[in-house]
Amino acid sequence: MKKQLIVIGLSTIIGLSGCGNDDASQESNSSQTNQEQTNHSEHSGMNHSSSGEVPEGVKEAENPTFPVGSTAILETDHMEGMKGAEAEIVGAYDTTVYTVSYTPTTGGEKVTNHKWVIHEEVKEAGDTPFQPGDEVTLEAEHMEGMKGAKATIDTAQQATVYMVDYTPTTGGEKVTNHKWVTGDELSAK
């Protein structure tokens with residue numbers, strides 16, 4: 001009887017220690033997965049497709065490098081599946097384009113150097129472009145919690161920005177009217 005109790009006791013200890021190792025392994029895997037999600041989370045709330053509406057006052061580009069209706073290759077990775085995808089140009093606009101840092105109105109971690117917000121998507125926009133360091137209020141809705149967020153202008157440049165349709169290289173549904181990519185983020189097909 002004592003031997004049976006010892007065997008049962010040892011079996012229980014071994015079984016429980018195995019569970020503990022599984023839990024530790026799962027916790028380690030969970031931690032690694034969470035880190036990978038954090039690395040990719042900046043644009044996880046990004047609206048891949050949009051209605052195609054452009055802000056009031058934005059001017060169509062007169063002679064864009066990539067004309068509306070042409071195709072190009074995306075050379076940027078704002079979101080997973082963008083880089084290397086073939087894009088159709090559905091809009092081309094001349095404006096001031098900004099990278100911005102902001103804390104989403106929905107809470108969460110600060111987003112830094114978000115590409116791109118155009119001048120016409122800033123609440124305080126006037127005739128004069130903003131400068132790096134300026135504090136503004138965003139009207140853009142590219143990502144959840146962006147509209148109404150207080151932001152800092154990180155960079156500013158005059159550029160032609162493009163609205164594009166593309167199918168992600170990772171598969172999935174076609175993205176329509178994606179805002180925005182700059183000419184240096186596209187290459188000829």
Side-chain angles (χ1 to χ4, degrees), residues 36-102 104-106 111-123 125 127 129-130 132 136-149 151 153-189:
E36 289 168 3
Q37 287 173 347
T38 299
N39 291 341
H40 297 291
S41 67
E42 181 175 311
H43 290 97
S44 64
M46 191 159 210
N47 297 325
H48 295 266
S49 295
S50 76
S51 67
E53 290 181 35
V54 295
E56 190 175 314
V58 69
K59 294 180 178 134
E60 287 189 23
E62 289 184 27
N63 192 17
T65 303
F66 301 95
V68 172
S70 68
T71 56
I73 303 299
L74 290 165
E75 298 295 340
T76 186
D77 59 355
H78 297 179
M79 295 182 297
E80 189 176 346
M82 266 186 113
K83 191 170 180 96
E86 182 177 309
E88 179 185 353
I89 308 301
V90 294
Y93 307 92
D94 288 330
T95 188
T96 303
V97 63
Y98 305 107
T99 57
V100 297
S101 293
Y102 68 96
T105 59
T106 53
V111 175
T112 58
N113 293 306
H114 172 81
K115 295 180 179 177
W116 300 101
V117 172
I118 63 172
H119 186 71
E120 295 77 8
E121 294 176 315
V122 176
K123 188 173 187 175
D127 293 336
F130 297 101
V136 299
T137 304
L138 301 176
E139 288 294 317
E141 296 182 77
H142 305 172
M143 297 176 65
E144 187 178 331
M146 187 177 230
K147 185 171 182 162
I153 302 292
D154 296 318
T155 66
Q157 66 184 43
Q158 283 296 124
T160 299
V161 293
Y162 297 91
M163 186 175 356
V164 298
D165 291 350
Y166 70 96
T167 300
T169 59
T170 53
E173 291 184 32
K174 181 177 184 177
V175 175
T176 58
N177 303 313
H178 174 77
K179 299 173 188 167
W180 304 101
V181 294
T182 59
D184 62 352
E185 294 176 318
L186 296 167
S187 64
K189 185 177 163 199

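Predicted, not measured: the structure shown is a model, and the values here were computed from it.
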Original post:
What residues, two or more places apart in sequence or in another chain, satisfy side chain to side chain contact (heavy atoms under 4.5 Å, CB included) together with Ala151?
Top reply: Val100, Tyr102, Val136, Leu138
Original post:
Can you list every side-chain hydrogen bond (donor to acceptor under 3.5 Å, both in side chains) pair that touches residues 53-73, not counting sequence neighbours?
Top reply: none
**OP:** Would you mind reporting whether Leu74 and Tyr162 have side-chain heavy atoms less than 4.5 Å apart?
**Re:** no
**OP:** Please name the residue in the list Met146, Glu139, Lys179 that meets the side-chain contact (heavy atoms from CB on, under 4.5 Å) test with Val117.
**Re:** Met146
Subject >> Heavy-atom closest pair, residues Glu121 and Trp116 >> reply: OE1-O, 4.4 Å
Original post:
If every non-hydrogen atom of Pro64 is compared with every non-hydrogen atom of Pro67, which pair is closest and at what distance?
Top reply: CG-CA, 3.9 Å
Subject >> Closest heavy-atom pair and its distance - Ala85, Thr167 >> reply: CB-O, 3.5 Å
Subject >> Thr105: side chain to side chain contact (heavy atoms under 4.5 Å, CB included) partners, not counting sequence neighbours >> reply: Ala149
Original post:
For Glu75, what residues pass the side-chain hydrogen bond (donor to acceptor under 3.5 Å, both in side chains) criterion, not counting sequence neighbours?
Top reply: Ser187
Original post:
Of the non-hydrogen atoms in Ala188 and Phe66, which two are nearest, and what is the gap between them?
Top reply: N-CE2, 3.9 Å
Original post:
To the nearest 0.5 Å, how far apart are NZ in Lys115 and CG in Asp77?
Top reply: 8.5 Å
Original post:
Which residues pass the side-chain hydrogen bond (donor to acceptor under 3.5 Å, both in side chains) test with Asp165, sequence neighbours left out?
Top reply: none
**OP:** Identify, with sequence neighbours excluded, every residue that meets salt bridge (charged side-chain N to carboxylate O under 4.0 Å, His left out) alongside Lys189.
**Re:** Glu86
Original post:
Considering the options Thr176, Val90, Val181, which one meets the side-chain contact (heavy atoms from CB on, under 4.5 Å) requirement together with Met163?
Top reply: Val90
Original post:
When rounded to the nearest 0.5 angstrom, what distance separates NE2 in His178 from CD in Glu88?
Top reply: 15.0 Å
Subject >> Check: Asp154 side chain, Ser101 main-chain N or O, donor-acceptor pair, under 3.5 Å >> reply: yes
Can you give me every donor-acceptor pair (side chain of residues 92-99, partner residue at least two apart or in another chain, under 3.5 Å) with its distance?
unit_1 : atom_1 : unit_2 : atom_2 : d
Asp94  : OD1    : Thr160 : OG1    : 2.5
Thr95  : OG1    : Glu120 : OE1    : 2.7
Thr95  : OG1    : Glu120 : OE2    : 3.2
Thr96  : OG1    : Gln158 : OE1    : 2.2
Tyr98  : OH     : His119 : ND1    : 2.7
Tyr98  : OH     : Phe130 : N      : 2.9
Thr99  : OG1    : Thr155 : N      : 3.1
Thr99  : OG1    : Thr155 : OG1    : 2.6

Original post:
Please walk me through it: do Val164 and Ile89 pass side-chain contact (heavy atoms from CB on, under 4.5 Å)?
Top reply: CA-CA 5 Å; Val164 298; Ile89 308 301; 3.8 Å; yes
Subject >> Residues that Thr76 engages under side-chain hydrogen bond (donor to acceptor under 3.5 Å, both in side chains), provided they are two or more places apart >> reply: His78, Glu185
**OP:** For Lys174 and Tyr166, run side-chain contact (heavy atoms from CB on, under 4.5 Å): C-alpha distance rounded to whole Å, both residues' side-chain angles, the deciding distance at 0.1 Å, then the answer.
**Re:** CA-CA 6 Å; Lys174 181 177 184 177; Tyr166 70 96; over 6 Å; no
